[in-house]
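Each chain gets a letter, A, B and so on, in the order its sequence line appears, and its residues count up from 1. Just so it is clear, the structure is predicted and the values come from calculations on it, not from any experiment.
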Amino acid sequence: MLYTSLVGGNSMEYKFTEIEKKWQQRWDEEKAFKRLEDPNKEKYYMLEMFPYPSGNLHMGHVRNYSIGDVIARFKTMQGYNVLHPMGWDSFGLPAENAAIERGIHPDTWTNSNIDTMRQQLKGLGLSYDWDREVATSSPSYYKWTQWLFLQFFKKGMAYKKISSVNWCPSCETVLANEQVVNGGCERCSAQVDKKELEQWFFKITDYAERLLQDIDKLDGWPEKVKIMQQNWIGKSEGAMVNFTIEGTEEKIAVFTTRPDTIYGVSFMVLAPEHPLVLELVKGTEYEEAAKEFRKKAEHMSEIDRTSTEGEKEGLFLGRYVINPMNGQRVPLFIANYVLMDYGTGAVMGVPAHDQRDFEFATKYNLPIIPVIKPKNDEIDIDNLDRAFEAEGIMINSGPFNGLDNQEGIAKIIEYMEEKGIGESKVNYRLRDWLISRQRYWGAPIPIIYCDKCGTVPVPEEDLPVILPTDVKISGKGNSPLATSESFVNTTCPECGAAAKREVDTMDTFVCSSFYYLRYTDPKNDQHPFEMDKTKYWMPVDQYVGGVEHAILHLLYARFFTKVLYDMGLSPVDEPFSNLLTQGMVLKDGHKMSKSLGNTVSPEEIIAKYGADTARLFILFAAPPERDLEWSDQGVEGSFRFLNRIWRLVTESINEIHIDNMVDTGKLSSQDKELRFVLHNTIKRITNDISQRFNFNTAVSALMELVNAIYDYREKCKNGKLNNAVLSDAITCLLIMLAPFCPHITSELWEMIGREDSIHDQKWPQWDEEALVKDQVEIVVQVNGKLRDRLMISTQATKEEIEKAALGLDKIQELTSAKDIVKVIVVPKRLVNIVIK
RNA sequence: GCCGAAGUGGCGGAACUGGCAGACGCGCUGGACUCAAAAUCCAGUCUGGCUCACACCAGGUGCGGGUUCGACUCCCGCCUUCGGCACCA
């Protein structure tokens with residue numbers, strides 16, 4: 001044997017550091033978790049969201065990866081061919097900040113972080129196939145990010161348009177929303193402006209309807225995530241109507257979900273950024289005010305602007321528009337609560353039936369014209385104190401009066417289409433995905449601009465477009481790549497003339513939108529992934545990650561999968577069959593953060609108690625989808641439990657006979673009781689892990705089993721101990737604990753004389769026979785209050801149970817002077833006697 | 001603000017389909033072992049009342065209502081805390 005056993009001499013201490021090192025080394029050398037396609041085995045793809053290599057593992061990672069590891073190991077023991085990969089989402093802002101603040105190159109910083117964190121992950125004993133490791137910042141990966149961009153471009157799914165970014169005038173740089181604090185720059189506090197730039201977008205809106213419809217396919221996703229995605233896509237049905245600007249031929253298109261209220265329009269509002277605004281006020285007395293108003297609105301966050309609580313501010317533009325339904329002339333405003341990004345950036349104001357319009361009209365003294373009245377006349381429709389937004393009957397609406405408003409919607413749209421003033425329209429809240437980033441540390445967008453040929457994609461054979469190293473990362477200016485002359489200046493792939501490269505890089509969400517596909521074929525340098533591989537492994541059977549990704553990452557990944565499916569590159573159109581969104585790790589009720597000084601480092605915990613204890617605690621302390629409160633004392637409790645198991649096995653080593661089979665014909669009552677607890681535990685844990693992911697209750701069940709084994713040993717001290725029963729219980733205990741605590745169980749497995757690996761064992765099956773009890777306790781209630789209990793045969797009929805309950809002394813006492821109205825009998829549970 | 005969650009002992013949590021509220025663990029109290037301590041083991045631990053004690057009685061799952069023989073669980077209305085809000089990942 002290559003490895004010396006740690007049980008030597010007299011020491012029976014649980015030496016977790018040595019044990020963990022020994023097994024981790026062995027798994028590494030043996031590549032114990034390397035997996036290939038195997039057509040004879042059913043596959044299971046277990047995936048956890050890959051981390052950003054920030055420098056050190058934190059408790060959130062430990063939680064995420066411990067959950068994934070339990071599932072992966074459990075599924076392996078159930079006989080599946082389990083793919084369990086790990087990698088790095090290694091492009092991003094912090095690497096650039098490190099470069100600016102400490103002068104380290106992002107590449108150096110990132111790679112050293114990856115090395116540290118890989119070691120830390122290995123220190124947790126996670127069952128990854130490390131041969132599949134990917135890093136999105138490596139050229140061999142971002143080559144495919146770029147290649148996929150080109151495919152999107154060819155399909156017309158990637159396009160450029162003007163869009164605004166946060167701009168700090170003092171730092172002269174683009175800021176992420178996160179870097180804007182209370183309207184100011186996080187570094188210098190200068191007030192942040194908006195700047196218009198031409199940027200790349202992916203047409204996710206083309207897929208809005210499918211992304212919405214296919215939510216129905218996601219049976220294994222939490223309802224709350226599905227609802228969040230549905231709301232994010234925000235489908236609404238209504239009409240597009242054209243209002244003409246008085247004195248011109250110009251028309252303003254408006255989207256409304258309530259065409260039935262169009263006769264109630266008393267004003268119209270444009271977003272301050274609407275392209276018509278400056279044109280309309282040019283040279284008028286309103287010009288200055290409008291410009292100023294626009295600037296002010298730009299400084300407001302979208303959250304403040306759309307808040308229904310905030311003050312609605314508007315400005316009259318001195319112009320009027322004509323309501324196409326009745327020819328009515330209504331004033332035109334701009335207002336902060338109208339967003340350019342939603343619909344057409346223009347809103348028809350119907351104060352009687354929309355609360356925001358109501359508030360606006362009240363403030364600016366605009367008429368409130370009711371056009372829907374409630375069916376029951378409960379509300380005085382001519383003197384509203386707030387908008388009436390419910391269903392009703394149409395009034396003041398010319399030929400449509402008297403119609404039910406739902407019917408009115410259809411009739412009005414029909415009329416508009418006939419007259420050419422409007423049409424039926426479905427609108428989505430979802431906007432196209434802006435992927436351009438004015439940053440260095442990302443995948444360069446593979447586009448070349450030629451004076452003659454225009455926008456030319458980089459030929460696929462020239463990929464990857466390598467990130468240059470001669471770049472000044474100063475945190476100033478638009479795009480750092482523009483400072484590298486060797487990068488920017490190139491030749492046009494079509495005509496050979498001098499040309500310039502695109503200097504923006506891609507959003508990191510692009511990189512993380514296909515990594516789960518790349519894992520199936522991570523080393524392929526001819527294709528992003530091959531169908532024979534993706535067909536075997538996809539879809540991901542179980543995806544685990546933080547709930548904070550419920551919308552963006554998960555929606556983008558779904559979008560990518562659908563586009564790739566349509567291109568014939570993916571065998572599935574939904575990437576993740578089952579999703580588990582895990583809660584955060586808190587300390588003292590708050591998220592762990594450096595600024596709060598309440599962090600606990602995984603390394604410290606591992607050094608003090610070992611990885612098995614850390615994993616066990618984090619799985620035991622709370623169910624996975626809930627937030628978890630960190631407790632140092634709780635960790636000690638988990639450590640004590642492992643010590644208790646260590647002692648149980650090492651002290652019983654002479655009684656454990658691994659080859660003995662349990663003879664069910666010769667069992668004492670103690671034997672039967674232990675077997676009942678064992679098989680009940682197997683049943684509970686199997687269900688807890690596979691059906692509910694409630695690892696906390698699974699661990700409790702293991703603790704109860706350990707308590708039961710201790711009890712059994714105590715009770716059978718004087719020679720009554722059945723070695724086979726005890727051995728069976730201990731073996732099953734170790735097997736069931738193995739996915740949670742892989743090191744200690746491996747060590748004990750070896751100590752009881754097994755030469756194979758515990759992680760290759762079959763997951764135990766429970767025996768229903770062992771769970772059959774002859775007697776069961778039944779609760780007896782009177783008027784729903786617990787009054788007594790009785791033991792009765794599990795075979796007893798409802799009548800027998802009722803009779804037994806009514807015969808109890810205590811029940812007789814309580815019921816003798818009263819009328820028994822009803823008796824409810826729930827077999828094996830309770831009897832409730834209703835008296836008067 | 002909008003969207004989505006969560007609230008149960010001193011603490012983390014359990015109660016799976018409407019059927020014994022508080023499993024399991026932590027902490028605390030008492031005891032055993034020890035010269036002593038640590039470790040370990042045993043017992044107790046929702047609140048109030050009554051009792052030497054066993055028992056018994058009443059109340060109790062954020063707050064206020066409702067449905068039901070029976071509600072932590074279902075319905076209506078609030079309160080508090082947390083997550084997301086499109087350039088953090």
Subject >> Closest listed nucleotide, where the reference is the side chain of A/S700 and the choices are B/C24, B/G4, B/G19 >> reply: B/C24
Original post:
Distance between the P atoms of B/C74 and B/A15, in whole angstroms?
Top reply: 14 Å
Original post:
If you check every side-chain atom of A/F620, which of B/C24, B/G84, B/C16 has the closest atom?
Top reply: B/C24
Original post:
Is A/V834 touching bases, backbone alone, or none of the nucleic acid, heavy atoms closer than 4.0 Å?
Top reply: sugar-phosphate
Original post:
Which part of the nucleic acid, if any, lies within reach of A/L434 when heavy atoms closer than 4.0 Å are counted: base, sugar-phosphate only, or nothing?
Top reply: base
**OP:** Classify the side chain of A/E629 versus the base of B/C11 as yes if they form a donor-acceptor pair under 3.5 Å and no if they do not.
**Re:** no
Original post:
Which nucleotide sits closest to the side chain of A/N177: B/C24, B/G4, B/A86?
Top reply: B/A86
Original post:
Do the ring centers of A/F639 and A/F617 come within less than 6.0 Å of each other?
Top reply: no
Original post:
Roughly how far apart, to the nearest Å, are B/C82 and B/A43 at atom P?
Top reply: 42 Å
**OP:** Under a 3.5 Å limit for both distances, which nucleotide forms a Watson-Crick or G-U wobble pair with B/G59, could you say?
**Re:** B/C46
**OP:** In whole angstrom, give me the gap between the P atoms of B/G70 and B/C56.
**Re:** 24 Å
Original post:
Distance between the P atoms of B/A36 and B/G27, in whole angstroms?
Top reply: 24 Å
Subject >> Proximal nucleotide (of B/G25, B/C88, B/G84) relative to the A/L93 side chain >> reply: B/C88
Original post:
Nearest to the side chain of A/P623 - B/C24, B/G19, B/A14?
Top reply: B/A14
**OP:** Assign A/F641 to base, sugar-phosphate, or nothing according to its heavy-atom contacts below 4.0 angstrom with the strands shown.
**Re:** nothing
Subject >> Heavy-atom pair with the smallest gap, counting every atom of A/Y556 and A/I204 >> reply: CD2-CD1, 4.0 Å
Subject >> Glycosidic conformation of B/G48, taking syn as within 90° of 0 and anti otherwise >> reply: anti
Original post:
Ignoring hydrogens and angles, are the base of B/C87 and the side chain of A/R439 linked by a donor-acceptor pair under 3.5 Å?
Top reply: yes
Original post:
If we take the C1' atom in both B/A21 and B/C76, what is their distance in whole Å?
Top reply: 25 Å
**OP:** Examine B/C16: is either OP1 or OP2 under 4.0 Å from a nitrogen or oxygen in the side chain of A/R692? Give yes or no.
**Re:** no
**OP:** State which of B/C87, B/C3, B/G84 makes the closest approach to the side chain of A/I551.
**Re:** B/G84
Original post:
Nearest of B/G84, B/G19, B/C88 to any side-chain atom of A/V826?
Top reply: B/G19
**OP:** Quick one: pull up CG in A/N696 and CG in A/D688 and give me the separation to the nearest 0.5 Å.
**Re:** 7.5 Å
Original post:
Hey, do the aromatic rings of A/Y141 and A/Y515 have their centres closer than 6.0 Å?
Top reply: no
Original post:
Using purine N1 to pyrimidine N3 plus N6-O4 or O6-N4 for Watson-Crick, or N1-O2 and O6-N3 for G-U wobble, each under 3.5 Å, what pairs with B/A32?
Top reply: B/U40
**OP:** Using only side-chain N and O atoms of A/R429, determine if any of them is under 4.0 Å from OP1 or OP2 of B/C3.
**Re:** no
**OP:** May I ask you to test the A/W109-A/P94 pair for a side-chain heavy-atom distance under 4.5 Å?
**Re:** yes
**OP:** Could you measure between the two C1' atoms, the one in B/G48 and the one in B/G60, and give it in whole Å?
**Re:** 10 Å
**OP:** Name the pairing partner of B/C85, where a pair is Watson-Crick or G-U wobble with both distances under 3.5 Å, or state none.
**Re:** B/G1
Original post:
Hey, is A/R713 close enough to A/E651 for a salt bridge, meaning N to O under 4.0 Å?
Top reply: yes
Original post:
Can you tell me if the side-chain N/O atoms of A/R356 get under 4.0 Å from OP1 or OP2 in B/G1?
Top reply: no
Original post:
Got a donor-acceptor pair under 3.5 Å from the side chain of A/E714 to the base of B/C41?
Top reply: no
Original post:
Is the gap between the ring centers of A/W433 and A/F509 under 6.0 Å?
Top reply: no
**OP:** Indicate, yes or no, whether a donor-acceptor pair under 3.5 Å links the base of B/C69 to the side chain of A/N832.
**Re:** yes
Original post:
Contact class for A/V821 (heavy atom, under 4.0 Å): base, sugar-phosphate, or nothing?
Top reply: nothing
Original post:
Side chain of A/S436, backbone of A/D504: donor and acceptor closer than 3.5 Å?
Top reply: no
**OP:** Among the candidates B/C26, B/G19, B/C20, find the nucleotide nearest to the side-chain atoms of A/R640.
**Re:** B/C26
Original post:
Which nucleotide, B/G25, B/A86, B/G83, lies nearest any side-chain atom of A/L552?
Top reply: B/A86
Subject >> A/F360 ring center near A/Y337 ring center (under 6.0 Å) >> reply: yes
Original post:
Is there a side-chain polar atom (N or O) of A/R305 under 4.0 Å from OP1 or OP2 of B/C2?
Top reply: no
**OP:** Looking only at side-chain atoms of A/E704, point me to the closest of B/A23, B/G19, B/G4.
**Re:** B/A23
Original post:
Just to confirm, is there a sub-4.0 Å distance from OP1 or OP2 of B/C82 to any side-chain nitrogen or oxygen of A/R626?
Top reply: no
Original post:
Expressed in whole Å, how much space separates the P atoms belonging to B/A5 and B/G77?
Top reply: 15 Å
Subject >> Sugar-phosphate only, base, or nothing, as touched by A/K810 at under 4.0 Å among non-hydrogen atoms >> reply: sugar-phosphate
Original post:
Is B/G7 paired to anything, Watson-Crick or G-U wobble with both distances less than 3.5 Å, and if yes, which nucleotide?
Top reply: B/C79
Subject >> B/G59 phosphate, OP1 or OP2, under 4.0 Å from A/K785 side-chain N/O >> reply: yes
Subject >> Spacing of A/N643 atom CG relative to B/C26 atom P, expressed in whole Å >> reply: 12 Å
**OP:** Measure from NZ on A/K194 to P on B/C87 and round the result to the nearest Å.
**Re:** 12 Å
Original post:
Just checking A/T697: base, sugar-phosphate only, or nothing, at a heavy-atom cut-off of under 4.0 Å?
Top reply: sugar-phosphate
Original post:
For A/N696 and B/A14, is the shortest distance between a side-chain N/O and OP1 or OP2 below 4.0 Å?
Top reply: yes
Original post:
Think A/N707 has a side-chain N or O under 4.0 angstrom from the OP1 or OP2 of B/G25?
Top reply: yes
Original post:
Roughly, in whole Å, what's the span from CD in A/E813 to C1' in B/C56?
Top reply: 11 Å
Original post:
Mind checking the P distance from B/U61 to B/C72? Whole angstroms is fine.
Top reply: 7 Å
**OP:** If B/G12 has a Watson-Crick or G-U wobble mate with both distances under 3.5 Å, name it; if not, just say none.
**Re:** B/C24
**OP:** Using only side-chain N and O atoms of A/K822, determine if any of them is under 4.0 Å from OP1 or OP2 of B/C69.
**Re:** yes
